Amino acid sequence: MQQTHSLFGESGNQNGAETLSKKGFAELIGVSQGRVSQMVKAGLPVLPNGRINVAAGRAWCEENTDPNRRRANLAGAPGQPDMSGLVRLPAGSARAARDAAEADIARMKAERMRGRLLDRRTTLRTVESYARAERDSWLGFVHRVAPLLAAETGAEISAVAAILDREIRDHLANLAANPVELPS
């Protein structure tokens with residue numbers, strides 16, 4: 001029987017059925033070597049030489065392990081070659097997703113404590129408060145400047161105030177039509 005060399009440095013037979021040691025199979029599917037031994041006791045097929053046929057081992061795992069508790073990626077890890085030509089299973093479990101979310105939260109807390117991360121709600125409140133103060137300042141400008149312009153030009157104070165008020169409100173409406181987009 002002619003031997004070929006697989007991607008893991010293990011031998012396989014001529015017809016392409018690859019075999020791995022318990023340790024190699026454990027690394028392939030992402031579990032411990034002890035877990036593979038437990039699976040062998042539960043019926044995982046093992047060849048007489050103690051090696052595990054990769055395709056048969058993956059098929060047994062898919063049929064005999066609870067998919068809700070399965071943490072291994074039986075079709076190979078993302079970014080690694082798929083040795084059996086099987087369709088890859090979705091990587092990760094609910095626990096892995098929760099752990100990733102907790103890691104993100106911890107990272108954000110650390111960034112906030114370092115002063116590198118701003119709270120979105122606080123930032124929005126600050127920007128809105130500044131915008132309101134700016135608007136009120138411009139509206140107050142009419143009442144401060146209208147008497148001065150009326151005195152300098154000899155115009156009626158109510159006419160000057162009406163013109164300034166209209167122009168400033170138009171300007172504020174134009175500014176409001178183009179709101180500032182904050183990154184999400």
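Both backbone and side-chain heavy atoms feed into the values below; hydrogens, waters and symmetry mates do not. None of the values given here were measured: they were computed from a predicted structure.
The line from CZ of Arg58 to CG of Leu44 is 12.5 Å long, rounded to the nearest 0.5 Å. Note that OG of Ser129 is 11.5 Å distant from CD of Glu134, once rounded to the nearest 0.5 Å. Between atom CD1 of residue Ile157 and atom NE2 of residue His143 there is a gap of 10.5 Å, rounded to the nearest 0.5 Å.
Looking only at side-chain heavy atoms (C-beta outward), Trp138 and Arg135 stay at 4.5 Å or farther from each other. The closest side-chain heavy-atom distance from Val31 to Phe25 is not below 4.5 Å. Put simply, the side chain of Val54 reaches to within 4.5 Å of the side chain of Leu28, judged on heavy atoms. Counting heavy atoms from C-beta on, the side chains of Glu18 and Asn53 never come closer than 4.5 Å. Thr19 has its side chain out of reach of Ile52: every pair of non-hydrogen atoms, C-beta onward, lies at least 4.5 Å apart. Taking 4.5 Å as the limit, some side-chain heavy atom of Leu139 sits within range of a side-chain heavy atom of Leu172. Here the side chains of Cys61 and Ile29 are in contact, with some heavy-atom distance below 4.5 Å.
Using a 4.0 Å cut-off between a side-chain N of Lys or Arg and a carboxylate O of Asp or Glu, Arg169 and Asp165 qualify as a salt bridge.
Across Ser137 and Arg144, no two heavy atoms sit closer than the pair O-NH1, 3.9 Å. Of all heavy-atom pairs spanning Ala161 and Val142, the tightest one is O-CG1, 3.6 Å.
At least one donor-acceptor pair closer than 3.5 Å links the side chain of Thr126 to the backbone N or O of Thr122. Although no hydrogens or angles enter the test, the distance criterion places a donor-acceptor pair under 3.5 Å between the side chain of Thr153 and the main chain of Leu149.
Under the 4.5 Å side-chain contact rule for hydrophobic residues, Val127 and Leu175 do not share a cluster. Under the 4.5 Å side-chain heavy-atom criterion for Ile, Leu, Val, Met, Phe, Trp and Tyr, Leu47 and Met39 are members of distinct hydrophobic clusters.
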What do the steps show when you test Arg51 against Val46 for side chain to side chain contact (heavy atoms under 4.5 Å, CB included), and what is the final call? CA-CA 6 Å; Arg51 299 177 69 76; Val46 179; over 6 Å; no
Distance-only donor-acceptor pairs under 3.5 Å for side chains of residues 100-118, two or more places apart:
unit_1: Glu111; atom_1: OE2; unit_2: Arg114; atom_2: NH1; d: 3.1

